[in-house]
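Written below as structure tokens is the structure these notes are about.
Note that the coordinates shown come from a computational prediction; the quantities given were computed from them, not determined experimentally. Proteins get letters first, then strands, A, B, ... in listed order; numbering begins at 1 in each.
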Amino acid sequence: MQKSPLHPFSATIMAWYAEHQRELPWRQTRDPYAIWLSEIILQQTRVAQGLPYYERLLAAFPTVRDLAEAPEANLLRLWQGLGYYSRARNLQKAAQMIMRDFAGVFPQTYDEIIRLPGVGPYTAAAIASFAFNEAKAVVDGNVFRVLSRVFAVETDIASSAARGIFTELAQSLIPASDPAGFNQAIMEFGALQCTPSPDCSVCPLAIFCQSNLTKTVANFPVKSKKTQVKAIQMDYLIIEQKGHLLVRERVGNGIWKGLWEFYLLEDQADWLPFSRQALKSPPVHLLSHRKITCDAWYVQVPDNFALAIPEGYVWMSPSDFESKGKSVLLLNLITDNLECPILQDISPTYL
DNA sequence: AATGCGGGGAG
DNA sequence: CTCCCAGCATT
């Protein structure tokens with residue numbers, strides 16, 4: 001049988017992959033559901049951080065139907081600590097779409113898969129290739145880095161044109177004989193060998209890597225913009241009455257949508273006619289785009305006082321509140337103040 | 001074309 | 001500290 005010639009780049013990284021690949025659970029399956037779950041978890045997330053979440057979520061929701069029918073709050077509780085919580089909400093929306101529009105059968109082509117909410121060009125290519133061996137090249141952060149260095153591509157990866165250019169290049173290198181293997185190989189190569197600070201002395205591509213040959217590896221990939229960090233102050237009142245807490249689910253499209261929190265002080269006009277006990281402030285919470293400082297107080301409301309419940313808030317038992325997803329900032333606030341009795345009851349059993 | 005969205009690990 | 005991670009949705 002006639003085979004199309006393998007580009008030296010492709011042959012080299014696939015040989016390297018055969019030797020150096022990690023054993024990861026989502027590589028032991030062809031189940032598109034499990035592969036999809038792993039890919040959503042791994043968006044902008046390191047393997048080491050996502051691994052325990054993958055095991056937990058797959059155990060809790062073994063099938064698309066289980067995921068589609070689960071209460072969203074349970075999913076967000078399991079997602080707690082992983083960040084980018086819209087991933088979890090879109091995951092369930094997509095599961096419901098698969099049940100409704102695909103009769104519960106996971107879509108099998110790139111063009112169908114990419115219609116699922118939370119699935120973009122990278123994730124659709126990953127699922128289509130890994131589960132169905134469709135020859136769609138993946139382009140993620142690893143691929144940007146590897147290809148930009150090896151072929152000295154000076155396109156700014158932050159530009160809108162970058163995806164198209166790198167997709168075309170990757171697509172020209174993907175072998176029809178093993179698209180899944182190539183996609184796995186190039187990403188693993190970026191993750192383990194062609195890292196942000198690589199050791200080019202042990203690289204199998206060093207002899208024809210264009211940036212290595214010109215000693216300009218550190219100049220690639222070209223990336224222009226950096227996200228600016230805004231400072232935010234968030235003050236919480238932990239309000240208790242008759243063993244219950246005044247809490248709410250965050251709504252709107254801002255940070256931590258779908259997660260739960262204590263009473264958030266919106267302005268200085270907020271007050272209660274009771275003494276506040278200052279709590280230990282959690283550490284400054286650093287995110288990619290936010291620097292959040294937080295102060296908090298504990299307020300015990302007498303049993304017989306009829307407190308007007310603010311819009312959006314509800315009284316909730318500590319055990320119910322523990323079962324809701326919360327931000328890591330709030331979890332830190334809780335675990336740093338366990339001398340406050342009611343906070344012991346909402347201390348998480350797992351992150 | 002820009003911006004928002006989480007959290008953590010590596011250097 | 002800075003960078004960036006198996007990115008995507010929204011504006």
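No hydrogens or angles were tested; on distance alone, a donor-acceptor pair under 3.5 Å links the side chain of A/Arg46 to the base of C/dC4. Within 3.5 Å, a donor on the side chain of A/Ser288 pairs with an acceptor on the base of B/dG6, or the reverse. With hydrogens and angles left out, the side chain of A/Thr45 and the base of B/dG8 share no donor-acceptor pair within 3.5 Å. On a pure distance criterion of 3.5 Å, no polar donor-acceptor pair joins the side chain of A/Ser327 and the base of B/dG6.
Residue A/Ser38 places no side-chain N or O under 4.0 Å from the OP1 or OP2 atom of C/dA6. Regarding contacts with the backbone of B/dC5, a side-chain N or O of A/His289 is found under 4.0 angstrom from either OP1 or OP2. Look at A/Gln44 and you won't find any side-chain N or O under 4.0 angstrom from OP1 or OP2 of C/dC5. Remark: A/Arg290 is not in phosphate contact with B/dG6, judged by side-chain N or O atoms under 4.0 Å from OP1 or OP2. Phosphate contact (OP1/OP2 of C/dA9, side-chain N/O of A/Arg87, threshold under 4.0 Å): absent. Side-chain N/O atoms of A/Lys230 include one lying less than 4.0 angstrom from OP1 or OP2 on B/dG4. The phosphate of B/dG7 has OP1 or OP2 within less than 4.0 Å of a side-chain N or O from A/Trp256.
Within 4.0 Å (heavy atoms only), A/Thr195 reaches no atom of the nucleic acid at all. Among the protein residues, A/Gly50 comes within range of no part of the nucleic acid, since none of its heavy atoms lies under 4.0 Å from any strand.
Of all the heavy atoms in A/Tyr54 and A/Pro25, the pair that sits closest is CE2-CB, 3.8 Å.
If you run side-chain contact (heavy atoms from CB on, under 4.5 Å) between A/Glu240 and each of A/Val301, A/Ile342, A/Val299, A/Leu246, only A/Ile342 comes through.
Between the CG atom of A/Asn253 and the P atom of C/dC8 there is a distance of 19 Å, rounded to whole Å. In this structure, CD1 of A/Ile157 is placed 13 Å from P of C/dA6, rounded to the nearest angstrom.
Nearest to the side-chain atoms of A/Val328 among the listed nucleotides C/dC8, B/dG8, C/dC4 stands B/dG8. For A/Tyr84, taking side-chain heavy atoms from C-beta onward, the closest of the listed nucleotides B/dG7, C/dG7, C/dC4 is C/dG7. With distances taken from any side-chain atom of A/Tyr85 to the nucleotides B/dG7, C/dA6, B/dC5, the minimum falls on B/dG7.
Between B/dG6 and C/dT10, the distance separating the two P atoms is 14 Å to the nearest Å. Using P as the reference atom, B/dT3 and C/dA6 are 25 Å apart when rounded to the nearest Å.
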Test salt bridge (Lys or Arg N to Asp or Glu O under 4.0 Å) applied to A/Glu188 and A/Arg27, step by step: CA-CA 12 Å; A/Glu188 191 81 333; A/Arg27 287 181 178 158; 2.9 Å; yes
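In this structure, A/Tyr110 has its ring center at least 6.0 angstrom away from the ring center of A/Phe132. Between A/Phe106 and A/Trp36, the ring center distance clears the sub-6.0 Å criterion.
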